[in-house]
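What follows is a single structure, written as C-alpha cells, with notes after it.
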Amino acid sequence: MTAMIELSDAQKSFVMHLQGGIELPVVRGVSFHVVSGECVVLSGPSGAGKSSILKMIFGNYRCGGGRIGIRHQGKVIDLAKAEPRQVLSVRRSTIGYVSQFLRAVPRVATIDVVAEPLIVNGTSRAEAREKAGALLRRLNIPERLWPLPPSTFSGGEQQRVNIARGFISDLPILLLDEPTASLDAANRAVVVELIEQKKRQGVAMVAIVHDDEIRQEIADRIVDVTSFAAAA
Amino acid sequence: MNAPAYNFAYLDEQTKRMIRRAILKAIAVPGYQVPFASREMPMPYGWGTGGVQVTAAILGRDDVLKVIDQGSDDTTNAISIRKFFAKTAGVATTTSTADATVIQTRHRIPEASLHAGQVLVYQVPIPEPLRFLEPRETETRRMHALGEYGLMHVKLYEDIARFGHIATSYAYPVKVNARYVMDPSPTPKFDNPKMDNCAALQLFGAGREKRIYAIPPYTSVVSLDFEDHPFNRYRHDAPCALCGANDSYLDEIVTDDKGSRMFVCSDTDFCETRQAQGHRGSESAAPHEEMVHG
Amino acid sequence: MADQEKDDDQPLLMAEGLGKSYGRLIACRDVSFALYPGEVLAIVGESGSGKSTLLQLLSAQLAPSAGRVSYRMRDGVMRDLASLGEAERRFLFRTDWGYVHQDPAQGLRMAVSAGANVGERLMAVGWNHYGRIRDTASSWLERVEIDIARIDDAPRTYSGGMRQRLQIARNLVTGPLLVFMDEPTGGLDVSVQARLLDLMRNLVSELGLAAIVVTHDLAVARLLSHRVMVMKGGRVIETGLTDQVLDDPREPYTQLLVSSILPA
C-alpha cells in the first residue's frame, strides 16, 4: 500500500532572535510513514516535539531539513520544499487539521464555522450547513447554540466545534492534536467513533493523544517521538 | 455713431485674432472646451462677458445683431449689450430672429428655426458639465480626454432617485458629435433638440471661466438619458396667453398676489410676430379679465 | 468556473525587482513576487516600512524607479503596467480592479447617494438602464449589510463602518478580479472591524477574488490572507504562508512583530 505521509530525516529548530539568537533544536531525524486507513499516534513526554511534527506535516511550521512527502492528487509533494500555493492546495484538498484550540473569526456563527471547509471546496451553503448540523448534533452541541459564535462557549464545547470543523470534509489525511483533551466520556466515545469511521473511509491519520485508553482504542501504530528529540 | 476712442467692436484686433483662433479650434473639435485669454470687459462677469467677447470677435460691418436674454429682446441685459455693439461697432441691430446674422443669447434658443449663415452666440456661466460632481479641473479634463462620462449619468441617476424622474430642467447635458459631453449653458432642456443638426453655427463663450466651445452646423447633439427614463422636453401644458401658440416655451407670469398667473411665450419676437399675423390667445383681447375670477 | 480553474495556474499579477526611490531616499527596493487568481496577499510592516509605496506601485498609481509590474489582462496576455496607456489603466480600475482606501471619503463621493456611489462604476462601463442599475446597487448594499432604506442617503450621513462597507460594494459591483486594500480596517472600532473583516473574508472567498492587503495589524493579515510579506526599511524581509510566518517567524524583525501582539 502506498504511503499517504512519508517523513524522512525531517528536522526543526527555532532561532530565537529576541533571546540573543540562541538556537532551540526541536526534533531531528524524524522518519515514519502513514498509509491509508491507518491511525498513527505520536507518543512521548510533553516538549518532545509531537505538536511540532504535526505542524510540520500541515506546513504550519517550516521544515529545517529532510523530507515530508505527502500524497496529493495522485502525486507526491515534498512539503519541506513546497511553494506556499502548493501548501494551500494540499490543505484545501488533502490534509485536515484539528488543532488543540479553536481559532475562529469573532462574529461567525458556530454552524458556519463548521461548514466553512466544505464551502471553500465548492459545496453549496445549504448542503454544507446540513452536514455541519448533523455533526454538531452528534457531538452533542445543542441546536440553540448553532447560530452563536463559539468564542462564548466553554472549553469542551469549543473543542467539539473544532472537531466538527476538522471532521466535516472528506480529506484523505487528518491530523489530530489532542482531540479528546477536555471532553467527557460520552463525547470521547463519539470522537473515537468518528475516527473509526474515517479509518473505514481510508483516511490516513496522525494523532496526539494523552489518554492511554483512547490511544489503545484508536492507534494502529505508535511512533515514539523521544528518539527524534534533538539534544539541546 | 462709432465712438472714436474704441476699435471696431471694442476689442483690439490682436485680441480678436486670439479669440478667433480659439473659435476655429472649438469648431474643429465640436463640444471641446478651448481655453482662451478672456479679457476684462466694461461690464461685470455674469453679464455675458464671454458671449460679448465672442460676438466682438466675429462681428463684421455688414452683420445684423440681435441680443436676447431669456428669450426677450427688451430686458436690461439684452438692451445694454445691443447698445454696446451699436455704439462700438455701429452695426445694425434687430429684434427679428430671421433678419439677424448674429444672435447673442442668454438662456434661450429662438423658437423660429435658424438658417444657414446665422451664428448663435451663447453666454455661458459654467462651461464644465462635470463640475458639480467632480470639482477637480485636472480630473474633469482627463475624463473628457478619455471619454469617461459615467459620472454624468450619476447626476441623472440622483435626479430619478430623488424625484422619480430626471428633474434637471435646464443646462441639461448633451453629447456632441458622439464624443464630448457638453453643458448647453442654462437653456431650458426644451431647447435641447433645437441644437441637434442645426443649420446655424453655435458658439459658446464663458468669460469668467475663460472657455470657448462650439457646435458646427449640422452636428449631432444628443441629450443624455436612461433607456427607461428617456429624455423629454418639458413645457407648461398651456397655450400662450398672448398668441395662442401651443409649441413654444412659456414663461409663467404671476399677475397678482392671490395666485393668478398667465403663461406667455418667452421668445418675444416669436410671440409678436404671431400676434402681428393675427394669432390670438386668451388674454390678448382683455388682459385684465382674469382678475374677475382671480 | 471551469475557465477560472484552468487559469489558476497562471499568475494574475507579477512584480519583478520592483523599487522606488525619491532622490537618495529609497522607499522600496527589489520586490518580486507572483500573485495568483483567488489569492490574498497581506503586506505587513510598521509605518514607513514602504508598504503603502509598494501598494501604489503595484496598482500603477506610482511609476517604479526600477523593475516592473505586469498584469494578466482579460485576454490572457501579461502586460507591463508601465506600457499601458492612461485610458487602459483607468479602464482596469473601473472594471478588473478595485481599490479600498483606508479613509472611505477618498474612495466614495460623499455628497452623492449610496445607490449612485455603487452604480457609478456600472454607468462608467456603459450601463444605461436606471432600473437595472438600481436593482444591482440594492443587491450589493444588501450583500454588504447596509439597510436598503438608506440607498438614497449620502455616505456623509453614514457611520465609519457603513462607509467602509459601501466603499467595498462600490468596488465589487463590476466583478473585479483583483482588489487592493490599504489598511481597510484602520480607524474603525474593534467591534466594527470584526464585522468588516468577516464580511471581506466571505466576499473574497465567494467571489474568488485576488487581493493585496496592506496592514500593520497582524490579526487582519491572519484572518484575511493566505500569504504574507513582511516589510522593513523598504525591503521584503520575510515571506510565506500567513500562518507559517506568524506561527514560525524566522527573521528577527518578524519575531519582534509577532511577539509584540497583545494577547486577546
Side-chain angles (χ1 to χ4, degrees), chain B residues 29 32 126 128-169 172-175 178-182 189 192 220-232 234, chain C residues 60-61 84-95 97-99 105-138 140-141 146 148-157 166 169-171 173-174:
Chain B
V29 193
Y32 172 71
I126 294 168
E128 180 49 71
L130 301 162
R131 172 74 47 86
F132 292 103
L133 293 155
E134 177 53 72
R136 289 170 296 179
E137 179 77 13
T138 48
E139 184 65 15
T140 54
R141 282 207 221 176
R142 201 168 280 137
M143 288 169 158
H144 283 296
L146 301 172
E148 285 178 8
Y149 290 126
L151 196 54
M152 210 61 251
H153 273 92
V154 168
K155 164 122 177 51
L156 304 181
Y157 171 99
E158 289 288 83
D159 264 11
I160 303 172
R162 212 153 284 165
F163 307 110
H165 62 275
I166 299 178
T168 301
S169 56
Y172 191 105
V174 294
K175 195 168 222 182
R179 176 60 182 85
Y180 285 98
V181 164
M182 188 194 91
K189 65 178 172 182
N192 274 18
S220 90
V221 177
V222 178
S223 304
L224 301 183
D225 60 3
F226 287 106
E227 283 165 38
D228 50 344
H229 287 268
F231 171 81
N232 68 341
Y234 178 79
Chain C
Q61 299 184 83
L84 294 183
E86 192 179 11
E88 283 178 295
R89 217 155 42 218
R90 287 171 69 106
F91 185 73
L92 265 186
F93 256 108
R94 288 200 307 271
T95 54
W97 289 4
Y99 196 104
Q106 273 187 279
L108 293 171
R109 295 193 188 278
M110 296 303 279
V112 164
S113 75
N117 261 294
V118 177
E120 183 178 347
R121 271 171 78 113
L122 298 173
M123 295 184 249
V125 295
W127 284 43
N128 197 22
H129 189 286
Y130 174 82
R132 280 200 281 278
I133 293 166
R134 196 169 170 83
D135 288 349
T136 307
S138 306
W140 269 99
L141 290 186
I146 291 175
I148 298 295
R150 303 290 306 269
I151 188 170
D152 292 329
D153 295 343
R156 62 158 70 112
T157 68
L166 179 63
R170 175 175 159 94
N171 271 289
V173 67
T174 47

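Lettering of chains follows the sequences in order, A, B, ..., and the numbering in each one begins at 1. Computed from a predicted model, the values in this text were never measured in an experiment.
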Query raised in the report: Heavy-atom distance under 4.5 Å to chain C: side chain of B:Leu224, backbone, both or neither?
Result: neither

Report summary line: Turns out that what part of B:His153 lies under 4.5 Å from chain C's heavy atoms comes down to both

Report task. Assign the ring pair B:Tyr157 / C:Tyr130 to parallel, tilted or perpendicular, where the plane angle (0 to 90°) is split at 30° and 60°. Result -> tilted

Query raised in the report: Checking heavy atoms, do the side chain of C:Leu122, its backbone, both or neither come under 4.5 Å from chain B?
Result: neither

**Report entry** Donor-acceptor pair, side chain of B:Glu158 and main chain of C:Ser113, under 3.5 angstrom
**Finding:** yes

Query raised in the report: Any idea which heavy atoms bring C:Gly131 and B:Asp228 closest together, and the distance?
Result: N-OD2, 2.6 Å

**Report entry** Closest non-hydrogen atom pair, C:Arg109 against B:Leu133
**Finding:** NH1-O, 3.3 Å

Query raised in the report: Taking atom CZ of C:Phe91 as the centre, does the number of heavy atoms from other residues, nucleotides or ligands within less than 6.0 Å exceed 12?
Result: no

Straight-line distance of [X] [atom1] to [Y] [atom2], nearest 0.5 Å:
{"X": "B:Lys155", "Y": "C:Met123", "atom1": "NZ", "atom2": "CE", "result": "12.5 Å"}
{"X": "C:Arg132", "Y": "B:Glu227", "atom1": "CZ", "atom2": "CD", "result": "5.5 Å"}
{"X": "B:Glu148", "Y": "C:Arg94", "atom1": "CD", "atom2": "CZ", "result": "4.0 Å"}

